[in-house]
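Report on the structure given below.
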Amino acid sequence: EGITHRFNLDADRHPITSGIYQGECVITPHFTRTLQGQSLFTVQALTTCIYFRIPAGTFRELSDQHESLRMFGRAVVEQE
């Protein structure tokens with residue numbers, strides 16, 4: 001639920017929105033959002049939001065047990 005935006009800051013430190021997340025969606029894993037330890041963008045809730053976070057180790061364990069979850073995870077990363 002809710003609306004979240006993905007953004008970067010310009011030279012004057014003003015936010016420039018580069019993506020909107022609305023309704024049921026997936027915000028990509030941390031490793032696809034960083035380069036050499038630095039975040040490529042920031043996410044911020046614009047309205048009241050409900051998030052669900054799955055630790056990477058837990059996701060890997062569940063993916064090993066469920067082919068459909070493994071395929072879902074792979075598709076999410078490929079889309080980024």
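None of these values were measured; they are calculated from a predicted model.
Side-chain atoms of S63 come within 3.5 Å of backbone N or O of F59 as a donor-acceptor pair. T47 contributes no side-chain N or O that, together with a main-chain N or O of G2, makes up a donor-acceptor pair within less than 3.5 Å.
Rounding to the nearest 0.5 Å places NE2 of H66 at 11.0 Å from CD of E61. In this structure, NE2 in H5 is found 10.5 Å from CD1 in I16, a value given to the nearest 0.5 Å. One distance of note links CZ of R6 with OG1 of T42; it measures 11.0 Å at 0.5 Å rounding.
The side chain to side chain contact (heavy atoms under 4.5 Å, CB included) test with V26 is passed by exactly one of Y21, F72, F52: F72.
C49 places none of its side-chain heavy atoms less than 4.5 Å from the side chain of I3.
Atom CD of Q65 has more than 12 heavy atoms from other residues, nucleotides or ligands within 6.0 Å.
Residues that satisfy the side-chain hydrogen bond (donor to acceptor under 3.5 Å, both in side chains) test with R70, not counting sequence neighbours, are E67.
Pairing each heavy atom of D10 with each of D12, the nearest pair is OD1-N, 2.9 Å.
Criterion: ILVMFWY side-chain heavy atoms under 4.5 Å apart, direct or through other members. Under it, I20 and V43 are not part of a common hydrophobic cluster.
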